[in-house]
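Just so it is clear, the structure is predicted and the values come from calculations on it, not from any experiment.
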Amino acid sequence: MNRKKILLIHTGGTISMSEDSSTGAVSTNEKNPLTDKTNELHALADLIVEEPFNLPSPHITVKEMYILKNLIEDHVERKDISGVVITHGTDTLEETAYFLDLTVDVQLPVVLTGAMRSSNEIGSDGLYNLISSIRVAMSEEAHYKGVLVVLNDEIHTAKNVTKTHTSNVSTFQSPQYGPIGIVTKRGILFHHMPTKKELYEIKNLNQKVALLKAHAGMDSTLLHAIKELNYDGVVIEALGQGNLPPAAIDGIKEMTAANIPVVIVSRCFNGIAQDVYGYEGGGKHLKELGVIFSNGLNGQKARLKLMIGLANQQTKPEIEKMFGL
């Protein structure tokens, strides 16, 4: 039987770090500790290993995400792989996963994984998550499901997964929807799959999109500042179903009058933002002012999606369609 060839991309993060026993600080190693596990990993599949950079995930930007996109597509074009696994820090893992889900034109499995405990900590979860991810990437059933995130024996979609706990190994969850599959000792089991795939080209990545979180008493100060700083768009994690305090309305009007797209999501991690309430600052009022309501994404993912839409120079109706319910 032909062995699967898997592209394994290391990018850094806790999965490649170690804890200093004297200070307790977790930091990057000169040598990735996962390289010492090569024999164990090669027992699963033939691995093509790439390490384009070694960064903690708070250092990751869309520039690095674009490097990963090109690296994956280059290997796919050469037809030398049957799946991709990316090790990544957990803080921004969901953003890289969603960016790739929206921009990488491949049908084979692309899986991101990470660790909540560094390589030398008791109960380190990195190697186990990596082995699970390679097994998922080798699975025929993992094809045509978009970019996946695999940790703690669960398989999640890039669109729905989010980090929910600062340190727990079960931090990655998909609110409302749950995982689409599980990893067991005997196999990879999928119980449902995404209903559609979105794909967008990228012409440039120079757009500046701000992300704000609404709160009681929020005013227009930051919105005015965002406009003055020549931002190209803004995403607001609004209250409840998509509402803002009245004092923020002047800022919203200024943004929409300048044709700067304003996308509303909810700061709640369950449910979706909708134009329901008719009072000043309510969802219906915001919709009348030209605000765009998102389709259940969280703020950080809506920001990436808006950046991609702006990179394609899409019109407001086209951006609205991107975020449509």
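Nearest heavy atom pair, residue A238 against residue L244, reads CB-CD2, 4.0 Å. Considering all non-hydrogen atoms of both residues, S118 and S124 come closest at O-OG, 3.0 Å. Shown here for I188 and E141, the closest heavy-atom pair between the two residues is O-OE1, 4.1 Å.
With values rounded to the nearest 0.5 angstrom, T171 atom OG1 is found 9.0 Å from D91 atom CG.
Among the candidates I67, L68, L112, the single residue satisfying the side-chain contact (heavy atoms from CB on, under 4.5 Å) test with T11 is L68. Between D101 and the options K159, K196, K197, a salt bridge (Lys or Arg N to Asp or Glu O under 4.0 Å) holds for only K197.
Residues Y277 and I272 do not share a hydrophobic cluster, clusters being chains of Ile/Leu/Val/Met/Phe/Trp/Tyr side chains in contact below 4.5 Å.
Within a 6.0 Å sphere centred on CZ of F53, other residues, nucleotides and ligands contribute more than 12 heavy atoms. Other residues, nucleotides and ligands place more than 12 heavy atoms under 6.0 Å from the NZ atom of K4. For F190, the CZ atom sits in a packed shell: over 12 heavy atoms of surrounding residues, nucleotides or ligands are nearer than 6.0 Å.
E95 and T92 share no donor-acceptor pair across their side chains, judged by distance under 3.5 Å alone.
With contacts defined as side-chain heavy-atom distances shorter than 4.5 Å, the pair P179/I155 does not qualify. L100 is listed as a side-chain neighbour of K69, based on a closest heavy-atom distance under 4.5 Å. Counting heavy atoms from C-beta outward, V104 and F99 have side chains that stay 4.5 Å or more apart.
Salt-bridge annotation for R117 and E19: absent, with no side-chain N of the basic residue lying under 4.0 Å from a carboxylate O of the acidic one. Under a 4.0 Å N-O distance rule, the pair R3/D46 qualifies as a salt bridge. Salt-bridge formation is not detected for the pair E237/R303: no Lys NZ or Arg NE/NH1/NH2 atom is positioned less than 4.0 Å from an Asp or Glu carboxylate oxygen. The pair E288-K284 does not count as a salt bridge, with every side-chain nitrogen at least 4.0 angstrom from each carboxylate oxygen.
Other residues sharing a hydrophobic cluster with L189 under the 4.5 Å side-chain heavy-atom criterion for ILVMFWY residues are I182.
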